[in-house]
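No hydrogens, no waters, no symmetry mates; every other heavy atom, side chains included, goes into these values.
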Protein chains: 2
Amino acid sequence: MKNGNAGDGAPAFGGAPESLLISDTKLTMEFKHQATVTLAEVAQAAGVGESTVSRVLRNHGSFSGRTRERVMAAVERLGYVPNRIAGTLASTGSRLVAFVIPSLSNIVFSDVLRGASAVLEENHYQAVFSVTDYDPGKEEALATAMLAWRPAAVMLAGYEHTDGTAKMLRASGCRVVELLDLDGDALDIAVGFSNRAAGRESAAFLIRRGYRRIGYVGHDLDRDTRAGKRFSSFCDTLDANGTPLIAREIVAGASSVENGKQGLERLLARATDLDAVYFSNDDMALGGYFHCLAQGIAIPSQLAIFGYNGLDIGRAIPQPLSTIRTPRVATGQIAAQLVVANAPPQAIDLGFELIEGATA
Amino acid sequence: MKNGNAGDGAPAFGGAPESLLISDTKLTMEFKHQATVTLAEVAQAAGVGESTVSRVLRNHGSFSGRTRERVMAAVERLGYVPNRIAGTLASTGSRLVAFVIPSLSNIVFSDVLRGASAVLEENHYQAVFSVTDYDPGKEEALATAMLAWRPAAVMLAGYEHTDGTAKMLRASGCRVVELLDLDGDALDIAVGFSNRAAGRESAAFLIRRGYRRIGYVGHDLDRDTRAGKRFSSFCDTLDANGTPLIAREIVAGASSVENGKQGLERLLARATDLDAVYFSNDDMALGGYFHCLAQGIAIPSQLAIFGYNGLDIGRAIPQPLSTIRTPRVATGQIAAQLVVANAPPQAIDLGFELIEGATA
DNA sequence: TGGTAAATTGGCAGCGCTGCCAAAAATATG
DNA sequence: CATATTTTTGGCAGCGCTGCCAATTTACCA
């Protein structure tokens with residue numbers, strides 16, 4: 001069933017007015033559809049100098065109350081909107097913050113953006129972003145494009161950048177914030193948590209709970225290097241315990257509930273005697289959970305499930321998902337605060353929380 | 001269990017070099033950490049004029065192959081990154097596109113951003129965004145802030161803007177795109193689908209399936225006006241059929257799985273004889289689904305569930321969710337394409353698809 | 001009231017780039 | 001070989017704003 005069809009054009013954008021044109025100036029202005037009021041025009045209308053208008057609008061420097069009122073009245077009357085492009089060019093340092101993120105489908109990154117944008121908006125900074133699709137080459141191209149806007153800071157996910165990206169960022173003079181990972185050397189500021197520690201603790205938890213025949217279902221680890229780090233530490237910890245990973249299933253493509261479901265199905269077809277499965281993240285784990293639900297596999301007695309991220313939905317399913325909750329929004333907030341405060345280079349570990357849940 | 005602690009500062013951002021300073025110029029440059037290479041410097045290094053460099057870099061106008069090589073070599077050697085701020089100021093029209101969206105938690109908007117950003121990146125446009133939290137006042141403030149960047153277009157959700165916002169946008173001279181809603185008058189371009197039609201079809205479907213005692217669980221409708229429109233048409237359709245809505249439960253706050261779960265629980269406590277429940281969206285519906293699962297309520301025989309959005313996860317649960325799938329990514333793509341092409345004012349209805357699923 | 005310190009204010013040179021125009025060089029034409 | 005065209009190129013005036021500095025006005029003190 002398909003609804004909808006191409007709609008008609010709505011002529012709301014308006015054409016040129018047909019009458020009442022007093023002068024050529026008026027005519028031109030109307031045809032341009034452009035209310036490009038400049039600071040100089042405001043100054044003239046208010047009967048003051050340009051710099052005075054600038055001072056009043058930025059509330060910077062000194063001016064009398066009367067001047068202030070006259071300027072504000074002119075601004076109001078003319079509908080003046082300051083041009084930040086010009087302002088940024090004239091002054092030093094922009095109030096743009098550039099985000100170069102791997103994906104917008106992965107809630108991890110939209111959570112970070114959410115946390116950051118709230119702080120940035122409060123401080124009158126403007127967020128700009130681009131999406132790399134986990135492609136390091138694209139990251140480099142997009143980071144270059146971002147630097148062209150001379151942002152106050154560039155925020156990136158993790159440490160895995162091409163040499164070109166790293167070199168360029170270092171040379172750019174703007175702040176660089178690497179997010180969501182702490183297992184590596186920061187270029188400038190880093191905010192997040194250790195994915196290696198998360199993998200380690202996940203394994204330790206399953207071992208503590210008595211699971212011994214453990215499998216893994218994950219998505220493309222070459223691209224999502226943070227998931228790769230978790231998995232690698234997870235395996236190391238299992239090995240150290242003398243109960244190595246029994247089987248793994250890597251699905252092609254991005255993490256998703258559907259992929260988790262199919263991944264577990266395929267894993268179980270090959271390894272029938274597992275007692276627990278570690279998933280690359282909660283989306284995947286939920287897929288696994290639904291597979292068990294549909295197949296009548298008892299959780300956790302027949303099979304335990306463990307995820308990563310601590311999504312809200314994991315707490316709403318009949319058996320709360322056992323997982324690790326990561327401070328994604330806080331990562332964005334702290335990162336933004338450090339940028340706004342122009343804090344010195346540093347690495348901030350926000351840690352994570354293991355949620356015992358009911359699935360493992 | 002809490003892991004992690006404040007990390008040590010990583011001195012990677014570097015301090016000033018202590019020796020080998022040849023001149024004051026060098027010293028100053030180093031302290032600035034700023035490799036601000038300008039077009040003029042490139043021109044000098046390449047032994048050509050500024051406008052020639054500009055032409056080569058933009059591949060616009062004519063220049064010889066030899067000149068091109070010399071310029072590119074100088075660019076490479078100096079690590080020049082063009083300043084788009086200056087470029088935008090000097091030329092007419094920016095390549096910025098501003099998004100003013102209600103929320104980043106709601107996947108609807110990140111899907112739209114995703115679709116749009118892919119198209120924008122291909123065309124060398126840059127996306128900037130701010131989040132209104134469904135607050136019309138904030139929308140106005142943020143839209144003003146956006147206009148200060150003189151974007152090529154402003155993209156907003158729906159038609160419900162304050163008079164001030166509408167007036168300002170109209171006067172701004174930049175393109176305005178209203179997304180995800182077609183039930184109203186567009187300011188310029190509109191891309192999306194009819195929420196009223198969606199509500200109507202949802203009701204018609206439930207009626208067709210034989211449900212007669214229908215309830216509703218929704219979230220804050222004053223803020224999410226699109227959900228409000230769906231609900232209102234849904235009710236109208238039920239009324240017209242002579243089987244009006246039996247009961248409704250509006251939860252405070254944003255839509256979420258948890259809220260859907262609690263909402264259904266409260267609704268069923270008041271109205272025990274419902275045979276179907278319409279949810280404000282899939283997140284809420286999933287919560288309802290999980291509530292039934294946990295309470296042993298048979299779906300759809302005891303209670304049918306119907307959602308809105310067509311999230312992927314709805315297809316991965318044991319019984320695929322009955323819902324309406326909306327073209328969110330496509331909405332973003334089309335909107336971006338129209339802006340890039342500077343298309344005339346128009347309203348494009350992308351429609352939606354009713355998914356029969358197994359829950360209603 | 002005269003004189004100095006403090007508070008206001010305006011003028012104007014850029015910020016780095018693009019766009020226009022005329023000059024110069026290369027190519028074509030008679 | 002001179003002239004007409006066409007292609008390349010450089011110079012320079014802004015784009016709209018900020019920051020510096022000097023000029024002007026006002027406030028304050030003896």
Atom-pair distance ([atom1] on [X]; [atom2] on [N]), nearest Å:
X	N	atom1	atom2	value
B:Arg150	D:dC15	CZ	P	14 Å
A:Leu39	D:dG16	CG	P	11 Å
B:Leu57	C:dG19	CG	P	13 Å
A:Asn83	C:dC15	CG	P	18 Å
B:Phe63	C:dA26	CZ	P	17 Å
A:Arg68	C:dT9	CZ	P	13 Å
B:His60	D:dT7	NE2	P	15 Å
B:Arg84	C:dT18	CZ	P	10 Å

- Proximal nucleotide (of D:dT18, D:dC15, D:dT9) relative to the B:Thr52 side chain: D:dT9
- Message: Starting the side chain at C-beta, find the nucleotide from C:dG10, D:dC17, C:dG16 nearest to B:Ala86.
- Response: C:dG16
- Do the side chain of A:Arg55 and the base of D:dG19 come within less than 3.5 angstrom through a donor-acceptor pair of N or O atoms? no
- Query: Taking N and O atoms by type only, does the side chain of A:Ser91 place a donor or acceptor under 3.5 Å from a partner on the base of D:dG19?
  - Reply: no
- Task: Evaluate the side-chain proximity of B:Leu142 to B:Phe99: yes if any heavy-atom separation is below 4.5 Å, no if none is.
- Result: no
- Item | Flag side-chain contact, heavy atom, 4.5 Å: A:Arg175 against A:Met155 | no
Should [X] be listed as having a side-chain N or O under 4.0 Å from OP1 or OP2 of [N]?
X	N	answer
B:Thr38	C:dC15	no
B:Arg58	C:dT18	yes
A:Ser54	D:dC17	no

- Of B:Ser64 and A:Pro82, the one whose nearest nucleotide on DNA chain D sits closer to the 5' end is B:Ser64
- Item | B:Leu89 vs B:Gly47, nearer the 5' end of DNA chain D by closest nucleotide | B:Gly47
Considering every strand and a 4.0 Å limit on heavy-atom distances, what is the contact class for [X]: base, sugar-phosphate, or nothing?
X	answer
A:Ser51	base
A:Thr92	nothing
B:Ser62	base

- Message: Checking A:Glu139 against A:His161: is there a side-chain donor and acceptor pair closer than 3.5 Å?
- Response: yes
- Task: Mind checking salt bridge (charged side-chain N to carboxylate O under 4.0 Å, His left out) for A:Lys167 and listing every partner two or more places apart, or none if nothing turns up?
- Result: none
- Could you tell me which residues satisfy side-chain hydrogen bond (donor to acceptor under 3.5 Å, both in side chains) with B:Thr225, sequence neighbours excluded, listed by chain and number? B:Glu160
